[in-house]
Each structure stands twice: as C-alpha cells, then as structure tokens.
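These notes are about the structure you will find just below.
Index from 1, following the sequence. Note that ligands are numbered from 1 as they come in the structure, with each ligand's atoms numbered from 1 the same way.
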Amino acid sequence: MKPFSYKISVIGAGAVGATLAQRLFEYGLADVVLVDILKDLARGKALDLMDAASITRTEKSIIGTDDYEDISGSDIVVITAGFPRKPGMSREDLISKNALIVKDVAAKISQSAPKAIVIVVTNPLDVMTYLALKTTGFDKTKVMGMAGVLDGSRFITLIAEELKIRRSLVKTFVMGSHGDTMVPVISKTTVEGKPLSSVLSAEKIEGIVRRTCDRGAEIVSLLGTGSAYYSPSASALRMIRAIMDDCGEIVTASAYLEGEYGLSDICMGVPCRLDSRGVVEVVEFELSEQEKAAFSKSAKVVEGSIELLRARHLIHQQTVKDGAG
Ligand code: APR
C-alpha cells in the first residue's frame, strides 16, 4: 500500500547522492536519510541542508549518518555509493571497484530496510542493479536501476536543440544497457506526435544518437573530476515521483527480465510500469529489426559483466522472488 508519508534513504553522500537528497528534501517529498561511509561528510551535508529548510520552506527532516539502523522503515533506498568514472575510463572499468561497494551496501539494506524499493544509480548500472537484486534477495519488482530516464532526457535535449523546438514536444524511450550500446528507440520517438524519422534525416538522427551515447563521457572530460550529477539525480527523482504518484506510469528502468524481450536472468533498461509496489510490469514494445539487433548487442555487454562478477564470486545465485507483493 502507498505510504502516507515517505521515508527515503540515499546511500552515498557524494555529488549524485547529496544532490538527490537536496531535491527530495527541498521539494518536501520525503524525510531523508543520507548515508555515507564517511559519516561526517553525510552529517555535514545534512546539517547544511537543514539550515536552509526555513528558507526553502520544508518541514521534512534530514539526517546524515553511517549507521544503517537509521534507514530502517525506509520506503525507498537509492544506492549512489561508489566511484564515478574518470576521464578515459569506460563504465565497464568501474565494475570491480563498485561491485564490492554495492554488494556491501545491498546486504546492509536487506538487513535494515527489508521492505524498501531499491533504486540503483551506481555504475555500471545494469550489472550493479543485477548485483543489488541478487544480494538483497528482494522481489524482482523491488529493485530497479536508473539509466533510461537520463539517456532519454539527453536524447530529447539534443533533438530539441537540433530542431530548435521545446523539449516538452519530444517523446522517446531509450532502452538497453546504460553505456555505449544504449538503444534509443527511434520507432517510439516522436516530435509533436510525428515520428522522428519524418522530421530528421537518418544521418542527423544517427549523429544525435552518437552524441547521446557520448554525453556522459563529454561531461566527465569537462568536469575534470567526477561525473554528471545534476541530471542523474533529477532522473532518480523522476522515478521516485512515478513510484510515489502510484499511477502505473511507464518509465524506462533497468529491470530484471524473465523472458521479456527474449532475455532471461539479466537486468536491462526496458519500459516499466511503476507504482508504489515498484516495477509491476515490463512493457513489451514492438521493436524494429534494427532495434532488436541493437538491444541484443547491448545485452551481450551486460551478460559479459555479470559473468565477470560470477567469476570473481561476487554474485551468489539466489532465487529471485516473483510477484508484485
Ligand atoms: N558505503 C557508503 N558510501 C560509500 C561507500 C560505502 N561502502 N563507498 C563509497 N561511498 C561514498 C563515498 O564516500 C562518496 O561520498 O559514495 C560517495 C560517492 O560520491 P562521489 O564520489 O561524489 O560520486 P558520484 O558522482 O556521486 O557518483 C556515484 O553514481 O552516477 C553514478 O557513475 C556514478 O557510480 C557513480 C555513482
């Protein structure tokens, strides 16, 4: 059942986690717990946000901590703990470093907040979502990853820029793995209700798709240290709002697949129906042959990453529970 008042914990008080905590707190959406292995960092940021509360006019609470007891009773837990990409580093390079962190955090979440919905933000996203699902042993409806919302927003931004139109006129879904093999679904991309392919040439679309894929790396190289955080935190917030609104909205998320899109035992970006129970349905779009091929190429990358974690004994096979309970 939809809670009356939400408690949301954000693990990782770095750039993405703290910005998400700020958005949640300042919009007055939830009582927020900010957790970091660096306790004072989390406490300091929480105090700083609290000091702004009389100005931003929120009556919600926020605390910073390193104690997982404090997340008990959370309705949603967002995992942002982990290292961001460095210039020249692929998301896949991050696997080994971030897997140890996500595994540790997921085990603590399952102990302290066993009823929570978990949203994974740590990269490489799809394999970290899979690891969080297997480590918590939570129902597959309860664990999802944030990527498609961000990739979709980047794609929309670049399309609107190219056409010099309002971003709100562009609708799209970006599926597949969060990375170089993401799959913007051109057949489901519309501009004022018209197919994208009727307003832009195939060559232009290809260029925009390439720039969308490279956008994360472009930001990494401009920032010098760290990676994007305003748009990832906004994207996580978008998913949280869909969960809280409880309307069954279709939002792209990395979800556990059991036969959908011809894939099993993998987490991939797919359109999901979200409500207060989590991912209640993976929505199966009709894809073009080209999109199907791109999606399966994308799946191979995630399968490779999962194999890598298995080889390092980081994933222990657990039964993923079915149903939306
Ligand atoms: N438990 C809790 N917090 C941890 C742990 C842990 N085991 N390990 C690291 N952290 C914390 C760090 O102390 C740091 O404060 O995670 C935080 C990460 O913050 P940043 O380094 O600023 O990274 P950020 O930009 O927030 O990105 C975090 O999100 O988008 C992804 O690719 C990105 O994987 C990266 C993650």
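Remark: E284 CD is packed, more than 12 non-hydrogen atoms of other residues, nucleotides or ligands lying under 6.0 Å away. Surrounding CD of E161 are more than 12 heavy atoms belonging to other residues, nucleotides or ligands, all under 6.0 Å away. For Y27, the OH atom counts as loosely surrounded, since its 6.0 Å shell holds 12 or fewer non-hydrogen atoms of other residues, nucleotides or ligands. When the shell of 6.0 Å around NZ of K39 is examined, it contains 12 or fewer heavy atoms from other residues, nucleotides or ligands.
Both tests pass for K97 against the ring of F83: distance under 6.0 Å to the centre and angle within 45° of the axis.
Each of the following atoms of ligand 1 lies closer than 4.0 Å to a heavy atom of L41: 15 (O). Shown in contact with G14 at under 4.0 Å from a heavy atom are these atoms of ligand 1, numbered in order with element: 15 (O), 17 (C), 19 (O), 20 (P), 22 (O), 26 (O). Of all the atoms in ligand 1, the ones that sit under 4.0 Å from a non-hydrogen atom of L38 are 13 (O). For ligand 1 and I101, the ligand atoms under 4.0 Å from any heavy atom of the residue are 5 (C), 6 (C), 7 (N), 8 (N).
Classification of the F295-Y261 ring pair by plane angle, with boundaries at 30° and 60°, yields tilted.
Under the ring pair (Phe, Tyr, Trp, His ring centres under 6.0 Å) criterion, F155 pairs with no residue at all, not counting sequence neighbours.
Between the side chain of T80 and the backbone N or O of I11 there is at least one donor-acceptor pair closer than 3.5 Å.
Using a 4.0 Å cut-off between heavy atoms, P84 contacts ligand 1 through both its backbone and its side chain. At a heavy-atom cutoff of 4.0 Å, ligand 1 is contacted by the backbone of T80 but not by its side chain. Heavy atoms of D104 found under 4.0 angstrom from ligand 1 belong exclusively to the side chain. Contacts between D66 and ligand 1, counted as non-hydrogen atom pairs separated by less than 4.0 Å, are absent for every part of the residue.
Salt bridge D40/R43: present, at least one basic N to carboxylate O contact under 4.0 Å. For D265 and R310, the salt-bridge test passes: some basic side-chain N is under 4.0 Å from an acidic carboxylate O.
Scanning the protein for heavy atoms near atom 4 (C) of ligand 1, the closest one is A81 CB, 3.5 Å. Nearest protein heavy-atom contact of atom 32 (O) of ligand 1 is N123 ND2, 2.9 Å. With hydrogens left out, the protein atom closest to atom 27 (O) of ligand 1 is V16 CG2, 3.7 Å, a heavy atom.
Nearest-heavy-atom check against atom 12 (C) of ligand 1 across L150, D36, L100 picks out D36. The residue from G82, A15, A42 that puts a heavy atom closest to atom 18 (C) of ligand 1 is G82. By heavy-atom distance, the residue among T122, N98, I37, L223 lying nearest atom 2 (C) of ligand 1 is I37. Nearest to atom 29 (O) of ligand 1 by heavy atom, out of V121, L94, T19, is V121.
Screening L309, I315, L308 against R312 for a side chain to side chain contact (heavy atoms under 4.5 Å, CB included) leaves a single residue, L308.
Of the polar atoms of F83, at least one N or O is found under 3.5 Å from an N or O of ligand 1, judged by distance alone.
Residue contacts with ligand 1 do not include Y229, since none of its heavy atoms lies under 4.0 Å from the ligand. Ligand 1 does not have V35 within reach: every non-hydrogen atom of the residue lies 4.0 Å or more from it.
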